[in-house]
Amino acid sequence: MSGHEHKYQLLVVDDEIYICNIVTEALSSSPDYQVVSFSDPKKALAYIETNQVDLVLTDLVMGDNSGVEMMDKALEHHPDCVVILMTAYPTVNNAISVMKKGAYDYLIKPFKLETLKSAIKRGLEHQALTRENLHLKEQLGLYQLSEALGSSTTLESMLNLAVDTAKSIIGVGAVSVLVSESSAQIPVPYIVKGEPADDEASDLLLGKHHISQLCFRESKVQTISRKIKGKRPVIRTMASFPLMSRNQTIGQLNIVREDCYMRLTPGQMHLLSIIASKVASVIENNRLYENLQTSYLTAIKALANAIEARDRYTRGHTDRVTILADLIASRLGWSEQDRANLKMGCTLHDIGKIGVPDAILNKPNILSNDEREQMEVHPRLGAKILEEIDHLGPAIPYVLYHHERYDGTGYPHRLAGENIPIEGRLLAVVDTYDAIVSDRPYRQGASSECAIEELQKFKGTQFDPAIVDELVAAWNEGLIEQLGIYQIKNEPAPVQ
Ligand SMILES: [Fe+2]
């Protein structure tokens with residue numbers, strides 16, 4: 001026991017007032033103890049309900065009230081409280097029964113004051129170890145949070161984890177995370193967990209309470225005791241922690257804790273502020289990632305435009321293919337992530353044409369065998385370019401496999417059927433549809449009816465039948481026309 005700022009709160013209860021006095025006097029000499037004693041057990045019971053108590057020393061038999069009742073009350077309100085019972089009428093049964101119910105020790109009157117002091121000392125040491133253990137468990141929770149944050153992918157799942165950990169630290173209560181788009185903006189609720197007990201609690205969680213409104217650069221805490229008629233008072237702790245990133249406040253973590261009349265310990269406050277800093281870094285990382293993503297997409301777009309600029313006959317092809325492929329992917333039930341990859345893959349699918357000479361790319365006649373060979377290098381070349389950039393990996397299946405054919409006669413790998421990755425099979429169908437309806441060096445674009453007919457004709461040989469069916473269904477429902485990316489041509493355009 002060291003440091004006198006924190007004193008152990010000891011409660012002595014005995015209906016014989018002289019015992020209260022002797023014990024209190026003996027224990028009060030220690031600077032580590034704050035002793036309160038009652039000879040009226042009813043007053044002691046009331047005291048336990050509203051005050052911090054670390055150790056209870058109580059007589060076992062006191063008129064109508066028993067020491068066991070005192071112990072039950074103490075353990076109900078202070079689960080890690082140390083209870084020592086005293087009795088002048090010891091029986092083995094009594095001793096066993098109270099120890100089973102959670103007493104730490106059992107003293108037989110009369111006892112030496114030294115015996116009492118050493119029992120109290122051991123009890124409080126045991127309690128310190130239990131509290132330390134609890135503290136380690138909390139730290140373990142933080143460690144697990146760090147680990148989980150490392151393996152989570154979405155901002156939402158990461159924030160949920162952080163808020164759940166904050167909730168488990170405060171026990172009963174509610175937690176919210178507010179995030180602002182910029183340092184000048186008022187933070188808005190991102191996650192609220194737990195039921196706020198009243199308007200004041202809900203205001204704090206939503207950032208409308210004065211504590212949360214003040215919380216711009218440092219944490220604020222308010223602890224109030226609320227008296228509820230007919231019930232014991234509860235202590236409400238409300239706290240707001242700023243989410244700081246690069247010296248800017250980007251949001252706040254708010255907590256309301258109630259119905260647990262122990263105050264938040266400095267350790268818990270510390271843990272919550274660590275969680276707030278973790279939440280801030282998760283949000284900041286997510287923003288950086290999103291910026292990076294936008295920069296990548298801009299760079300990809302610039303690359304794709306550079307290729308299209310060389311190939312004057314396929315202008316707009318990449319955009320149209322991306323839009324049409326996304327329509328089909330959405331009908332096939334692809335995930336958000338897969339559709340984001342699809343956009344990148346479709347945009348980049350012909351990137352390998354960067355290595356195809358202009359003369360071949362823009363040749364208005366049908367290609368010779370040699371020229372065709374040079375043209376057919378583009379999927380491999382494109383994939384090779386993308387391999388160097390980690391972030392663009394998901395685009396590779398589109399780039400590499402969009403000229404494979406379902407019957408295994410395509411290039412570059414001559415894969416067949418489902419061995420062709422779905423990305424390649426989807427893009428092959430959409431790419432062909434677009435090629436047929438668009439103008440080419442040697443002909444003008446045909447009608448969509450003509451394209452549909454062509455796809456049906458090569459369904460199962462060149463194309464995956466299921467994907468053709470899906471595109472045809474979308475066309476029949478008028479969804480392709482609704483995309484507004486194709487001019488309507490009722491008749492095949494005359495060849496010039
Ligand atoms: Fe291609």
Side-chain angles (χ1 to χ4, degrees), residues 300-326 328-329 341-387 392-416 420-443 445-446 451 454-455 458 461-464 467-468 471 485-486:
I300 290 167
K301 200 90 191 119
L303 271 174
N305 286 344
I307 296 153
E308 282 201 352
R310 287 179 61 217
D311 186 349
R312 62 196 160 97
Y313 294 102
T314 61
R315 208 151 293 164
H317 169 70
T318 314
D319 279 346
R320 293 192 304 269
V321 162
T322 306
I323 294 167
L324 182 54
D326 188 51
I328 309 303
N341 292 341
L342 173 143
K343 287 188 182 113
M344 181 161 68
C346 289
T347 306
L348 288 172
H349 76 277
D350 272 338
I351 184 115
K353 283 188 179 170
I354 213 159
V356 179
D358 278 356
I360 298 175
L361 214 54
N362 288 316
K363 190 174 174 186
N365 315 103
I366 291 174
L367 302 177
S368 71
N369 282 349
D370 181 49
E371 288 165 342
R372 183 168 297 282
E373 265 175 35
Q374 288 191 59
M375 186 66 145
E376 289 182 0
V377 164
H378 82 269
R380 276 187 202 271
L381 185 65
K384 200 161 168 41
I385 293 169
L386 300 188
E387 264 168 25
L392 303 183
I396 293 178
Y398 294 92
V399 177
L400 192 54
Y401 304 117
H402 72 278
H403 287 290
E404 296 289 352
R405 290 173 50 118
Y406 202 69
D407 60 7
T409 63
Y411 65 92
H413 290 298
R414 301 178 75 84
L415 298 177
I420 308 167
I422 182 78
E423 295 93 334
R425 279 180 272 146
L426 171 61
L427 184 50
V429 173
V430 174
D431 201 18
T432 306
Y433 178 90
D434 188 81
I436 295 171
V437 299
S438 308
D439 297 343
R440 282 283 145 140
Y442 39 86
R443 57 146 176 80
E454 197 77 355
L455 292 180
F458 293 103
T461 51
Q462 189 174 347
F463 305 117
D464 180 340
I467 293 173
V468 171
L471 187 140
I485 53 177
Y486 296 110

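Residue numbers run from 1 in the order of the sequence given. Read the numbers this way: they start at 1 and go in the same order the structure lists the ligands and their atoms.
Put simply, His349 stays out of reach of the Fe ion (ligand 1), with no N, O or S atom under 2.8 Å from it. For a distance bound of 2.8 Å, the N, O or S atoms of Asp350 include one lying that close to the Fe ion (ligand 1).
Taking the Fe ion (ligand 1) as the apex, the angle formed with NE2 of His402 and NE2 of His378 is 100°, to the nearest 10 degrees.
Between the side chain of Thr461 and the backbone N or O of Phe458 there is at least one donor-acceptor pair closer than 3.5 Å. Looking at Glu371, its side chain does come within 3.5 Å of a backbone N or O of Ser368 through a donor-acceptor pair.
If you check the side chains of Asp431 and His403, you find no donor sitting under 3.5 Å from an acceptor. Tyr398 and Asn341 share no donor-acceptor pair across their side chains, judged by distance under 3.5 Å alone.
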